[in-house]
Amino acid sequence: MALYTRVKESIAVITLKNPPVNALSTAVRRGIVESLSQALQDEQVKAVVFCGENNTFCGGADIKEFSGSMSGPPLVPMIHSIEASEKLIVAAIEGVALGGGLELALGCHYRVADTNARLGLPEVTLGLLPAAGGTQRLPRLIGITAALELITTGRHISAKEALKLGIVDQVIEGNAVLAAMALALSVIGQPLNARRLSLQAPAWVPDVDYVCEAALARVKQRSRGAMAPVACVQAVRAAAMLPYSKGMEKERQLMDMLFRSSQARAMQYAFFAQRSAGKWSLPNGAQWNNTKARNVERVGVIGLGTMGQGIAVSLVKAGISVVAIEVDTKQLELGKKAVTAMLQRYAQRQGVSSPLHLLKFTLSFHQLRDVDLVIEAVFEDMNLKKRVFSELCKVLKENTIICTNTSGLNVDELAAVTDRQHLVVGMHFFAPAHVMRLLEVVYGSGSSPEAVAIAMALGKRMQKVCVAVGNCSGFVGNRMLKHYMDQSVYLLEEGATPEQVDQALEEFGFAMGIFKVADLSGLDVGWRVRKASGLISPDIDPVKPSRWRFGRRYCPLPDMLCQQGRLGQKTGHGWYLYNSPGSKEAKCDPEILKFLEDYRLKYGIIPRRISSQEVIERCVFSLANEGLRILEEGITAGPEDIDIIYLFGYGWPRYRGGPMFYAAQVGLSVVLEKLEHYHHLQPDVPSLEPSQLLRKLVAEGSPPIQQWKSHIKNLHSQL
Ligand SMILES: CCCCCCCC/C=C\C/C=C/C(=O)SCCNC(=O)CCNC(=O)[C@H](O)C(C)(C)COP(=O)(O)OP(=O)(O)OC[C@H]1O[C@@H](n2cnc3c(N)ncnc32)[C@H](O)[C@@H]1OP(=O)(O)O
């Protein structure tokens, strides 16, 4: 709703009221329309101030309403009547003015913002565009170049930047509502037409086409296959080329198309999935709102390799003191140099003072005696990690939390060597850890809810998107990825090339195809894991290695590449060829094509043409199938958690929601049918066998993804 108050003789204040972010729900829009009418009818009132309750102006349209039947006063005419008002209207922006919230403010005649406010038009991140006049008013206010940047990225900006761009008229420290009233009193009586953005000439620039083409190229490169950013450019272009009313027509047409799209549904699902992942719960009933996390101020980081460096940088950026440890002076100096350089660059870019005083580099475990939590980031070797954990217990305070940054080793086995199993959890960061947003917080069978709460809270402070997951080999992300990778190499055996597979995956929307990712990470990473798990042993024929291991299909191609020293970008060749070791531009390598041909000949495999559809079905459905097994086993609390892991850790296209959402959108019965088909063709690939949960969900009518949890509960009660 909206509250109408007369505060001074001549000023009315309309306060949006819909906690927590005063989203423009039906009730709020109704309240605005009624309050505005009251203000316009009241002869005493000369000016109106719009503000939001609890120092939050407005978080935009109510996203929850998008999936229902929209009713109540529409935003566009509502904002028109604000702009057309004969009485002066000022927006007092505190907290946030986002999406429809900023569009409402753009309809006001003046805007005053609190210094801490954040503004933006993030509709593009929901698969939409600012369709309450935002694409037409903002370019008229700040020009098309700046408007294109804000609208196509959805970036939130500070009040200071908004002032510089001309989006707000004043930035104040203190009470924005009082400042808006003072501004209103100082300008009452002045003509308003110059303040009505819809009356301004189009935001014409001489090189509109060039500017828009450049913006299109940027958005296509940044978010391949996404419709909303392209529509945003088209709408802003209309603001530059057409009169306001025609531009609004274009905005509406484009919004109609986006609003109904599966991409918008996927992105809105992702918005709520991200928030639901933060509300973690454990199988024992402990959860985010019944478990207290004690504060962490000092953290030890063990190991300053690539992962340790990134973790230390993220901690320091969050204002946390770090004691960083290495085994010898050389490694310590290397790590120190890298961390210091990253933090100095960060301080320079942000214009903040250098946070280096928060760091201590040392060779001595004794320096860890005061820390509240340690994150072990040594080499991925169980015995080494166990030794580190035992040593840690000798020096740490008795309530210090011990976290391991393993990417898949057994957390329980590690915890067993400590004197505090309840205080051991996994914190699986993704490389590079100061850039990647995802953090899997892994609870073992003995981890206490408090330890999980502390790790989740610390991750959040480090600006990570945290997902609590149970302990299993590879946890969630890497466990699922294994099946996706297996299928991709089987496709090579059967006739595909790395470029074909990557192209199909990139057209699907992945930021990078699987073989490019493997080259980037280094092929030796998986090689080591396969050796450690016994898949590669000395009795395997090096010339014609078996294509079956432990009774299952196995593709030795990646091992053979490693044996040839083709480890990826770092050696200048892997699945692709690079100009030199370390260079990034992947080129098709004729040697690999020949190598694949020889391989097929050696094993008597007749190559066949493989369609992009088959690539996607085999890679993506096997991923989703493993996700369903993970749900079956209760490793995550719900499908949303898995989707968030894939969106933030594995370059899954946001406009496809995540692998579980995608499976639901394609139709679970289709996924089941395809898996049955491929499993029939590959009976020696057990992971292709449809999961029990998939069969159950299909048998129960393929319920919407939001209802899966209750079906999983029933499944558990039957087991
Ligand atoms: C056929 C054509 C029909 C056309 C009809 C369409 C009409 C639309 C016309 C115009 C276009 C306008 C579109 C929009 O405005 S879309 C919304 C744009 N706004 C956003 O994207 C902002 C989203 N919110 C955020 O970014 C953040 O929530 C935040 C920065 C505002 C606050 O962050 P934080 O403090 O971290 O809190 P949370 O993110 O955890 O959020 C708290 C709580 O609030 C819920 N919530 C937030 N924003 C919204 C919203 N806009 N609508 C509904 N709910 C929202 C969020 O889900 C959390 O809820 P909880 O999990 O239940 O606690």
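It should be emphasised that the depicted structure is a prediction, and the values quoted were computed from it without experimental measurement. Counting starts at 1 for both ligands and their atoms, in listed order.
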If you take the centroid of each ring, where Trp contributes its six-membered ring, are Tyr662 and Phe508 closer together than 6.0 Å? yes
Using a distance threshold of 4.0 Å (strictly less than), state whether atom 38 (P) of ligand 1 has a protein heavy-atom neighbour. yes
Reported CD1-to-CG distance for the pair Ile172 and Leu163, which is rounded to 0.5 angstrom: 12.0 Å
May I ask you to check if ligand 1 and Arg275 share an N or O to N or O distance below 3.5 Å? yes
Working for side-chain contact (heavy atoms from CB on, under 4.5 Å), residues Asn289 and Lys279: CA-CA 8 Å; Asn289 56 359; Lys279 296 179 178 173; over 6 Å; no
For Gly60, take its heavy atoms, then give the atoms of ligand 1 lying under 4.0 Å from any of them. 15 (O)
If you measure from each non-hydrogen atom of Arg252 to ligand 1, which part falls under 4.0 Å: side chain, backbone, both or neither? neither
If you scan protein heavy atoms around atom 63 (O) of ligand 1, the nearest is Lys279 NZ, 3.1 Å
Short check: is a protein heavy atom less than 4.0 Å from atom 19 (N) of ligand 1? yes
Flag the pair Phe510 / Tyr650 as yes when their ring centroid distance falls below 6.0 Å, and as no otherwise. no
Would you please test Val467 and Val476 for side-chain contact (heavy atoms from CB on, under 4.5 Å) and show each step? CA-CA 10 Å; Val467 184; Val476 172; over 6 Å; no
Kindly indicate, with the supporting measurements, whether the criterion side-chain contact (heavy atoms from CB on, under 4.5 Å) is fulfilled by Gln200 and Tyr244. CA-CA 8 Å; Gln200 310 312 307; Tyr244 178 77; over 6 Å; no
Looking at atom 51 (N) of ligand 1, what's its closest protein heavy atom, distance included? Ala61 O, 2.9 Å
Any idea which protein heavy atom is nearest atom 49 (C) of ligand 1, and the distance to it? Val21 CG2, 3.7 Å
What heavy-atom pair brings Leu129 and Ala235 nearest, and what distance separates the two atoms? CD2-CB, 4.1 Å
Looking at atom 22 (C) of ligand 1, what's its closest protein heavy atom, distance included? Gly59 O, 3.4 Å
Nearest candidate to atom 5 (C) of ligand 1, where distance is taken over non-hydrogen atoms, out of Arg29, Arg260, Arg118, Met70: Met70
Decide, yes or no, whether a salt bridge links Glu173 with Lys160 under the criterion of side-chain N to carboxylate O below 4.0 Å. no
I'd like to know whether CD of Gln463 has more than 12 heavy-atom contacts from other residues, nucleotides or ligands below 6.0 angstrom. no
I'd like to check Leu258 versus Gln263 (side-chain heavy atoms, cut-off strictly below 4.5 Å). Are they in contact? no
Relative to ligand 1, is Ala23 under 4.0 angstrom through side chain, backbone, both or neither, heavy atoms considered? side chain
Backbone, side chain, both or neither: what part of Val76 comes under 4.0 angstrom of ligand 1, heavy atoms only? neither
Stepwise, does the side-chain contact (heavy atoms from CB on, under 4.5 Å) test hold for Gln665 with Ser262? CA-CA 8 Å; Gln665 205 169 44; Ser262 56; 3.3 Å; yes
What atoms in ligand 1 come closer than 4.0 Å to a heavy atom of Ala131? 10 (C), 11 (C)
Under-4.0 Å heavy-atom contact between protein and atom 54 (N) of ligand 1: yes
Which heavy atom of Asp643 sits nearest to which heavy atom of Phe661, and what is that distance? OD2-N, 3.1 Å
More than 12 heavy atoms from other groups under 6.0 Å of CZ on Arg196: yes
Is the contact between Ile63 and ligand 1 made by the side chain, the backbone, both, or neither, using heavy atoms and a 4.0 Å cut-off? both
Closest protein heavy atom to atom 9 (C) of ligand 1, given as residue, atom name and distance to 0.1 Å: Leu75 CD1, 3.8 Å
Suppose we measure from atom 29 (C) of ligand 1 to each protein heavy atom; which comes out shortest, and what is that distance? Leu98 CD1, 4.4 Å
Between Gly99, Pro122, Pro20, Gly120, flag the one that comes closest to atom 21 (O) of ligand 1 by a heavy atom. Pro122
Atom 10 (C) of ligand 1 [closest protein heavy-atom partner, distance rounded to 0.1 Å]: Ala132 N, 3.6 Å
To check your reading of the model: name the closest protein heavy atom to atom 12 (C) of ligand 1, its residue, and the distance in Å. Glu123 OE2, 3.5 Å
Compute the minimum heavy-atom distance from Asp256 to ligand 1 and say whether it is under 4.0 Å. yes
Hey, is ligand 1 close enough to Leu126 that some N/O pair sits below 3.5 Å? no
I'd like to check which ligand 1 atoms, numbered from 1 as shown, lie under 4.0 Å from a non-hydrogen atom of Phe272. 57 (O)
Protein heavy atoms near atom 60 (P) of ligand 1, is at least one of them under 4.0 angstrom away? yes
Cation-pi geometry met for Arg265 and Tyr269 (6.0 Å, 45°): no
Contact with ligand 1 for Glu65, non-hydrogen, under 4.0 angstrom: no
Looking only at side chains, do Ser198 and Glu83 share a donor and an acceptor under 3.5 Å apart? yes
